Amino acid sequence: MQVDIQGQTVEIEDQASCAQAFSNALSKKMMKQVVAARLGDTVVDLTTTIPAGTTEIIPVFDASPEGLDVIRHSTAHLMAEAVKRLYPEAKVTIGPAVDKGFYYDFDFDRPFTPEDLESIEKEMVRIAGANKPFERKVVSKAEAVSLFKGMGEDYKVEIMDDLGGDEFSLYSNGDFVDLCRGPHVPATGFLKAFKLTTVAGAYWRGDEKNRQLQRIYGTAWANPKDLKKHLQQLEEAKKRDHRKLGTQLDLFSFHEEGGAGMTYWHPKGALLRTILEDFERKEHLRRGYSIVQGPQLLKRELWEKSGHYDNYRENMYFTEIDNQAYGVKPMNCLAHMLIYKTRVRSYRDLPLRFFELGVVHRHEKSGVLHGLLRVRQFTQDDAHLLCRPDQLQDEIIGIIDFVRDIMGLFDFTFEAEISTRPEKSIGSDEDWDRATDALKNALDKAGLSYDINEGDGAFYGPKIDIAIKDALDRKWQCATIQCDFTLPERFDLVYVGEDGARHRPVMLHRVILGSVERFIGVLLEHCGGALPTWLSPEQARVLTVTSVHDEHADTVAKHLAAAGIRVHADKRNEKLGYKVREAQLEKIPYMLVIGDSEVEAGGVNVRTRSGENLGLKSPQEAVEMILADSTQPFKRGGMSYSFDACPV
RNA sequence: GCCAGCGUAGCUCAGAUGGUAGAGCAACUGAUUCGUAAUCAGUAGGUCCGGAGUUCAAUUCUCCGCGCUGGCUCCA
């Protein structure tokens, strides 16, 4: 087949010759033209055979996702070359492109310092400037093994052994040769916008038991402009960091002397939580859940019976009272099962939906704690649904609907995943299959796409995980739906069926927000601290121009408060501009300014936190406007919800 | 838990080859009565994360803790 590679007609027979032709064409004189002609959207992947009938190949190294991938992966090679030049003893392992950048893992006997990163980056710039071509070569395994062994690169040999096969492709740029499937940019000169960001420890093959390598992270883009934009976005994201907002808005704090991973909620933060929790209670009651509450401590034997002691012990706190060992609950399910067992349940009673805002403690490893997003004590909006097998599907769909309503209300987009049986687990394979199928079917029926996460389920059952993203685009798991045939068995939960015989109910564990702490953390980042009006601890603030307006300010504030609006009057002897600035920084939705003309008219002048001036309104008009804004319509299902008007 | 970096006033940050430290904002006091993001002046505020070691002397150097940050592993 004849194809045109950037103006050169080349005869291509197979994959290898394509690669060779491509490489030759570009390495000679075509580099500049390639950059200039890079408008097409065909991606050349040298690992796949060029489709029959192809007449033109336009390589893509631009800002398209595929192009960025090639650029980033090539930059990883560039970095590896720089590292090998500066520190020849370092052994190379793997270096893939990742979201927004790349990394490369090295085995090196001393840690890389921030200064090392600077020298490496300088070296990279130098190599990029030399514009050395990336050249592809396919060799036999024996040849590749002897090459890498000769260089002392044992990790590469190990990778080849694992991959299997008799032939491997090598890419070289200058003196540096790496085992790689490609593709790459034609030459190092294409790499113009990169920056090394951080060093981190990472285990070989991601396994804690393996040797820890040193991972250098970097970011790379199609051009310096995009790089700059990305770095600016990172700065912007820092401003939205919920930990920073927590301090600025006086919502919560953490205390070294009190212990890591424990949150202290200040008045405004505690109020925010309370509003959110009340909302959840009402929403659950409305959907046929009943509210229950269990204790914090349960005897150790109970945790042994449930399997938590064997499978979850390292995450639990234990204590002893009168020679009796107790475990602090890391989950709420046991209490809910004990409540279930307090009476004989009929098939007519099911489904039962027990809801609890349950405070749980989990001993997370010290290195994983992260603001509100990963703490050791948190409140789950937890529920356990006990149902007949024939009700299972509908119950799961009901939960998915619930999740969609809530995520839509907060304007979150989310991603779903199904996690299957892990190594450490209890129950039979049949039950696991049944449960996994039930979850898949429900997602299919709900029309949601999902990924499969093999081996990542809870120890008692498979689960659907729903993740939302923080300011830095990191995903955080919030909602989860777990299907469990095992614990009902272990705790001998039964119901009496239509046939008069005893049957086993199925249990669904589920959370919607996940944890109140994590959800508030992500929500704060999502809205940059400007909470929706219905959740704002202070919804309106009355601002006086001078002290002669105090009386009218009090009257207005009382009027709003009587209507259920959370309002304060700022009557301090400060200039209006100062008070506006403070209210603005505190992200208070409505500022009601009162001066001479407002007193005369008996009204208020309304300013929103977006900076908009809505002009003079009567106190009653202000009340109506703020209440209307506190009513957030659900995006699906046409329901609407007002915090104070919700039916219980 | 592992790798790396960091910890100075309530907050944001300066600072010294080892000689016990500053700024802005906030707080407090006084003056000012002022129209949509900062009025002026003054006062007070710190075991420089904790402990041990080296030293005549440690906030600074070393070690051990605690905590935080970014990753890894794990997870709501």
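Just so you know, these numbers use all the heavy atoms, side chains as well, and skip hydrogens, waters and symmetry mates. Nothing here was measured: the structure is a model prediction, and the numbers come from that model. Chain letters run A, B, ... following the sequence lines, proteins first, then strands; residues in each count from 1.
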Give me the distance, rounded to whole Å, that separates B/rU8 from B/rC13 when you measure between the P atoms they each carry. 10 Å

Side chain of A/Tyr203 only, please: which of B/rC72, B/rA76, B/rU36 is the nearest? B/rC72

Remember a base hit wins even if backbone is also touched, and classify A/Gly577 as base, sugar-phosphate or nothing at under 4.0 Å, heavy atoms. sugar-phosphate

Closest nucleotide among B/rG70, B/rC75, B/rG1 to the A/Arg362 side chain: B/rC75

For B/rA37, does OP1 or OP2 lie under 4.0 Å from any side-chain N or O of A/Arg607? yes

Mind calculating the distance between CZ (A/Arg376) and C1' (B/rG67) to the nearest angstrom? 11 Å

Counter-base of B/rU43, judged by Watson-Crick or G-U geometry with both distances under 3.5 Å: B/rA27

Shortest side-chain distance from A/Leu576, nucleotide among B/rG35, B/rG1, B/rA38: B/rG35

If I pick the C1' atom on B/rU55 and the same atom on B/rC61, what distance separates them, to the nearest angstrom? 10 Å

Sugar-phosphate only, base, or nothing, as touched by A/Val368 at under 4.0 Å among non-hydrogen atoms: base

Aromatic centroids of A/His526 and A/Phe412 separated by under 6.0 Å: yes

A/Ser515 side chain, from C-beta outward: closest of B/rC68, B/rA76, B/rG35: B/rA76

For residues A/Leu297 and A/Phe318, determine if any side-chain heavy atom of one lies less than 4.5 Å from a side-chain heavy atom of the other. no

How would you label the contact of A/Asp456 with the nucleic acid (heavy atoms, under 4.0 Å): base, sugar-phosphate, or nothing? sugar-phosphate

If you look at every strand shown and take non-hydrogen atoms under 4.0 Å, does A/Phe378 touch a base, only sugar-phosphate, or nothing? base

salt_bridge(A/Arg421, A/Glu454) N-O dist < 4.0 Å: no

Any chance the rings of A/Phe519 and A/Phe410 have centres within less than 6.0 Å? yes

Which part of the nucleic acid, if any, lies within reach of A/Gly611 when heavy atoms closer than 4.0 Å are counted: base, sugar-phosphate only, or nothing? nothing

Strictly by Watson-Crick or wobble contacts shorter than 3.5 Å, is anything paired with B/rA9, and which nucleotide is it? none

Measuring from the side chain of A/Asn605 (C-beta onward, heavy atoms only), which nucleotide among B/rG35, B/rU73, B/rA37 has the closest atom? B/rG35

Checking B/rG70, B/rU39, B/rA76 against the side chain of A/His370 (C-beta onward), the nearest is B/rG70

Can a salt bridge be assigned to the pair A/Lys463 and A/Asp484 using a cut-off of 4.0 Å between side-chain N and carboxylate O? no

When rounded to whole Å, the CZ to C1' distance for the pair A/Arg609 and B/rU36 reads 17 Å

Nucleotide nearest A/Arg215 when distance is taken to its side chain, options B/rG1, B/rC72, B/rC34: B/rC72

Quiz item: A/Glu364 side-chain donor-acceptor pair to B/rA76 base, under 3.5 Å: yes

A/Arg243 with A/Glu525: basic N within carboxylate O range, under 4.0 Å: no

Rounded to whole angstrom units, what separation is found between the CZ atom of A/Phe252 and the P atom of B/rG10? 19 Å

So what's B/rG70 paired with, Watson-Crick or G-U wobble, going by both distances under 3.5 Å? B/rC3

Between CZ of A/Phe112 and C1' of B/rG5 the distance, given in whole Å, is 16 Å

Applying the 3.5 Å cut-off to both distances, the Watson-Crick or G-U partner of B/rA14 turns out to be none

Residue set satisfying ring pair (Phe, Tyr, Trp, His ring centres under 6.0 Å) with A/Tyr103, at least two apart, ordered chain then number -> A/Tyr217

Sub-4.5 Å side-chain heavy-atom contact between A/Val567 and A/Glu538: no

Using Watson-Crick geometry (N1-N3 plus N6-O4 or O6-N4) or G-U wobble (N1-O2, O6-N3), each under 3.5 Å, B/rU59 is paired with none

By the 4.0 Å heavy-atom rule, please label A/Ser597 as base, sugar-phosphate, or nothing. base

On RNA chain B, check which nucleotide each of A/Thr198 and A/Thr247 is closest to and give me the residue with the more 5' one. A/Thr247

Write down the distance separating the P atoms in B/rU60 and B/rU73, rounded off to the nearest Å. 36 Å

Only pairs with both distances under 3.5 Å count, Watson-Crick or wobble alike; so what is the partner of B/rU33 in this structure? none

Report which part of the nucleic acid A/Gly521 touches: base, sugar-phosphate, or nothing (heavy-atom distance under 4.0 Å, all strands). nothing

By the Watson-Crick or G-U definition, both distances under 3.5 Å, B/rC48 is matched with none

Categorize A/Glu574 for me: base, sugar-phosphate, or nothing, with a 4.0 angstrom heavy-atom threshold over every strand shown. base

A/Asp596 side chain: which of B/rU39, B/rG35, B/rC66 is closest? B/rG35

Rounded C1' spacing from B/rU47 to B/rG24 in Å: 25 Å

Is the distance from the ring center of A/Phe112 to that of A/Tyr87 below 6.0 Å? yes

Rounded P spacing from B/rG42 to B/rG5 in Å: 44 Å

Looking for any heavy atom pair under 4.0 Å, which part of the strands does A/Asn315 touch: base, sugar-phosphate only, or nothing? nothing

Separation between the P atoms of B/rG18 and B/rC56, rounded to whole Å: 16 Å

Base-pairing mate for B/rU54 - Watson-Crick or G-U, with both contacts under 3.5 Å: none

Does a side-chain N or O of A/Arg243 approach OP1 or OP2 of B/rU69 to a distance below 4.0 Å, or not? yes

Please work out if A/Ala200 contacts a base, only the sugar-phosphate, or nothing of the nucleic acid, heavy-atom cut-off 4.0 Å. base

Check every strand shown and say whether A/Leu585 touches a base, only sugar-phosphate, or nothing at a heavy-atom separation below 4.0 Å. base

What's A/Val360 touching, base or sugar-phosphate or nothing? Going by heavy atoms closer than 4.0 Å. nothing

Would you kindly give the NZ-to-P distance between A/Lys575 and B/rG35, to the nearest whole Å? 7 Å

Taking only the side-chain heavy atoms of A/Tyr217 (C-beta and beyond), determine which of B/rG71, B/rA38, B/rC75 contains the nearest atom. B/rG71

Hey, does the side-chain of A/Gln214 have a donor or acceptor N/O within less than 3.5 Å of a partner on the base of B/rG71? no

Taking the same atom, C1', in B/rA14 and in B/rG7, what whole-Å distance lies between them? 15 Å

What is the ring orientation for A/Trp204 with A/Tyr155, classed by angle as parallel under 30°, tilted 30 to 60°, or perpendicular over 60°? perpendicular

Ranking B/rG7, B/rC68, B/rC34 by distance to the side chain of A/Thr546, first place goes to B/rC34

Within the structure shown, what part of the strands sits under 4.0 Å from A/His255 by heavy-atom distance: base, sugar-phosphate, or nothing? nothing

Distance between the C1' atoms of B/rG22 and B/rA44, in whole angstroms? 15 Å

Counting any heavy atom closer than 4.0 Å, what does A/Lys463 reach on the DNA or RNA strands: base, sugar-phosphate only, or nothing? sugar-phosphate

Check: A/Arg374 side chain, B/rC75 base, donor-acceptor under 3.5 Å: yes

Any donor-acceptor pair under 3.5 Å joining the side chain of A/Ser366 to the base of B/rG67? no

Pick the nucleotide of RNA chain B nearest each of A/Tyr312 and A/Glu598; which residue has the one closer to the 5' end? A/Glu598

